[in-house]
K.L.:
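Have a look at the structure that comes next, please.
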Amino acid sequence: MHFSRGLLPSVFILTLFSVEVFAIQVVVPSAPRGGTFVHGNFLGISFELSFLDKYFGSDVNSIPTPFLNYLKVYEAYLPSIPLRLRIGGNSVDISTYVKSQTQFLNVTDPGAQKDHIPVTFGPTLLNVMSKVGKDIGGAEYLMGLSLSKPNDTTIAELAVAAHQILGDELDALLLGNEPDLYYWNGKRPGLSNYTVDDYVGDYQVVFNQLKSTSNGDVLAQNNIGGPTICCAWDLATTLQQSYLETFKQQLKYITLQHYPQNNCPDSHSPPPVLEYYLDHSNTVNLAKWQKPGVDLAVANGKPVIMTEFSTAACGGFTGVSDTFGAVLWGVDYSLQLATVGYSGAYLHTRERNITYNLYDYPGDGVDGWTTLPMFYSYLPVLNALQSRNGSKVVDLNLEDSMTKTGGTNAAYSIYDVTTSELYRLAFINFADGGGSVQYTIPQGTLPQTGYNVTVRYLTAPSIQEKWDITWGGKTWRGVKDGKPLNAATGQDLSLDCSSGCTVDVPNPGLALVLVNKALPQGMSSSGGKNGAGGGVVAFASIFAAVSSVFSFQVFSAFL
């Protein structure tokens, strides 16, 4: 048996079945308490520049169809706003834009360490980026600019070309990547250290170039992002050490990137532990990283973007980053970031056989694309924030889960930013070993127009599962073209919540409650009050009846 810490179950025994169930009463605010306004495309995809051709193709006529299919899955949840894509990573700062180069990418040092591979690239790359956006129905890009050599004139050339070719598809230019590690990574070999003052000076050098380019003053667009620190510097201190004051007018975003663990060659991090990602209180604490700086930026009218994140830096860990547990963590952390001041976040992906990738392109005898676990993290987040007006996200602190260690439940309520009306509930169950948790929504919680709800499930047999994952009755297991297949379990469930209702979530799993909202294209409700939703849904009415008869608030049933 497995009991969530803090629960004191009552027990009764039936002889026909063998399933363990817990019930939790859910308290939902009628309106958001504070919170940050976020758009439906809050969660984006970050691509490492040095491997971009493996995903985007070599020219506008060779963009891989499976890659477009994957992106279209996400775009289906964004009917009126573009999908966010970021081109960057460590390779940006050691790579060079060559305006005469027709080749998409050229690797200049094939023997370089895999986390720092330099390339040259030209306008073809930008043209392909633009074509991808048009092919999927809308994309907006963060494009990295090198700060490795501030006097390099190709920085300004890339900025000009990005504006000319991408146009409205260009969201912002990110100048520099992880400057707080420049000294340690050997990018400032002539200095005994690299300080914030040095960084501000380098920024000013590049800004002087951007003010006077062949296309005029690029800075007039006011779409620069920075400082994109990750590790060693404090954001609030960096902003206050003249960075924000000096560049405030041109800065569109304040940017960060961060990983909770580290698998880099010089890492001294403790061994990876999957359980870390399954504890909601750890996720809450992680999202508070740089919170004073985030608050300072927001107070100065600057949206804060997490431009790159995943489970562990430098490729993740096998058995951690490539599991269903990591998928649930990806949803939990994304929604948590939305509660603490971030306006966007980007999950990172890079070369083939990286454990935290979203999908792998063909290679090593594999003739098609392979869907990896983290691909599924996007789907509940995009669906959860699917409001045309924008959203505010609230952590429900279920059973003190924000501070209590060892808990296995997390829950969020999501509201329309204009009307303050509740339109989504997300329940995340990190417990393993079978059985389920019942989240009881009391009468009066939902708006009167939202009594008939759809419950959509993200499920897998276990926390360690890598392939057998379903979302909304669909799975990408075994597909080679990026198009989903119908799954045997996990279909949507329709519920009447006019008198309150109970949402049953398997161990492990996630349920997204769609309150009176249309489903995205390509997804359909199973229909019926107790529609066919696999094993968990099939038991829902039995559990509800048992709970009613015995009046248990928290119970465990061995059926």
K.L.:
Is the shortest heavy-atom distance from the side chain of L328 to the side chain of P508 under 4.5 Å?
P.N.:
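They are in contact (side-chain heavy atoms under 4.5 Å apart), so the answer is yes.
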K.L.:
Classify the ring geometry between Y70 and F375 as parallel (under 30°), tilted (30 to 60°) or perpendicular (over 60°).
P.N.:
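Ring orientation of Y70 relative to F375: perpendicular.
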K.L.:
Sequence neighbours excluded, which residues qualify as side chain to side chain donor-acceptor pair (under 3.5 Å) partners of T255?
P.N.:
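With neighbours one apart ignored, the set is T228.
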K.L.:
Any non-hydrogen side-chain atom of T283 less than 4.5 Å from a side-chain atom of N285?
P.N.:
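No; the side chains remain at least 4.5 Å from each other.
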K.L.:
Given side chains that start at C-beta, do those of T403 and S281 come closer than 4.5 Å, heavy atoms only?
P.N.:
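A side-chain contact is absent here, since even the closest heavy-atom pair is not under 4.5 Å.
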K.L.:
Applying side-chain contact (heavy atoms from CB on, under 4.5 Å), can you list everything that pairs with T323, at least two apart in sequence or on another chain?
P.N.:
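Testing T323 for side-chain contact (heavy atoms from CB on, under 4.5 Å), a comparison that skips the adjacent residues, returns L274, A326.
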K.L.:
Any side-chain heavy atom of V340 sitting closer than 4.5 Å to one from K291?
P.N.:
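Yes, at least one pair of side-chain atoms sits under 4.5 Å.
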K.L.:
Given side chains that start at C-beta, do those of L512 and L458 come closer than 4.5 Å, heavy atoms only?
P.N.:
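Not touching, per the 4.5 Å side-chain cut-off.
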K.L.:
If we only count heavy atoms from C-beta on, is the T408 to D279 side-chain gap below 4.5 Å?
P.N.:
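No; the side chains remain at least 4.5 Å from each other.
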K.L.:
Determine whether Y346 and I45 make a side-chain contact, defined as any pair of heavy atoms from C-beta on separated by less than 4.5 Å.
P.N.:
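Contact flag for Y346/I45 side chains = no.
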K.L.:
Fit a plane to each ring of W329 and Y333, take the angle between them on a 0 to 90° scale, and name the class: parallel (under 30°), tilted (30 to 60°) or perpendicular (over 60°).
P.N.:
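Judged by the thresholds at 30° and 60°, the geometry between W329 and Y333 is parallel.
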K.L.:
Compare every heavy atom of N41 with every heavy atom of R84, then report the nearest pair and how far apart it is.
P.N.:
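Taking R84 first and N41 second, the nearest heavy atoms are CD-O, 3.1 Å.
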K.L.:
Can E308 and Y259 be counted as having a side-chain donor-acceptor contact under 3.5 angstrom?
P.N.:
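Yes - a donor-acceptor pair under 3.5 Å links their side chains.
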K.L.:
Can you list everything that forms a disulfide (SG to SG under 2.5 Å) with C230? Sequence neighbours excluded, please.
P.N.:
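Partners of C230 under the disulfide (SG to SG under 2.5 Å) test: none.
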K.L.:
Compare all side-chain heavy atoms of S343 with those of I305 and state whether any distance is below 4.5 angstrom.
P.N.:
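Yes, close enough: below the 4.5 Å cut-off.
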K.L.:
Listing request: all disulfide bond (SG atoms under 2.5 Å apart) pairs with a residue in residues 374-424, at least two apart in sequence or in separate chains.
P.N.:
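Qualifying pairs: none.
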K.L.:
What distance do S334 atom OG and L43 atom CG have between them, rounded to the nearest 0.5 Å?
P.N.:
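S334 OG to L43 CG: 4.5 Å, rounded to 0.5 Å.
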K.L.:
Could you check F309 against L256 for side chain to side chain contact (heavy atoms under 4.5 Å, CB included), going step by step and ending with a plain yes or no?
P.N.:
CA-CA 9 Å; F309 80 97; L256 297 165; over 6 Å; no
K.L.:
Calculate, to the nearest 0.5 Å, the distance between atoms CD1 and CG belonging to I428 and D332 respectively.
P.N.:
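One finds 4.0 Å between CD1 of I428 and CG of D332.
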K.L.:
Only distances under 3.5 Å count here; give the side-chain donor-acceptor pairs of residues 440-448 to other protein atoms, sequence neighbours excluded, each with its distance to 0.1 Å.
P.N.:
residue, atom, partner, partner atom, Å
T445, OG1, P442, O, 2.8

K.L.:
Applying side-chain contact (heavy atoms from CB on, under 4.5 Å), name anything that partners T470, two or more places apart in sequence or on another chain.
P.N.:
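Applying side-chain contact (heavy atoms from CB on, under 4.5 Å) to T470 gives T459, T475, A487.
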K.L.:
Side chains of D395 and T339: is there a donor and an acceptor less than 3.5 Å apart?
P.N.:
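There is no such pair between these side chains.
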K.L.:
Can you label the angle between the Y77 ring and the W471 ring as parallel, tilted or perpendicular, going by 30° and 60°?
P.N.:
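The arrangement is tilted - the two ring planes meet at 30° to 60°.
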K.L.:
Determine whether Y439 and N409 satisfy the following criterion, side chain to side chain contact (heavy atoms under 4.5 Å, CB included), listing intermediate values before the conclusion.
P.N.:
CA-CA 10 Å; Y439 300 88; N409 297 284; 2.6 Å; yes
K.L.:
Out of L396, V453, V503, which residue meets the side chain to side chain contact (heavy atoms under 4.5 Å, CB included) rule with L425?
P.N.:
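Going through L396, V453, V503 one by one, the side chain to side chain contact (heavy atoms under 4.5 Å, CB included) with L425 is satisfied by L396 alone.
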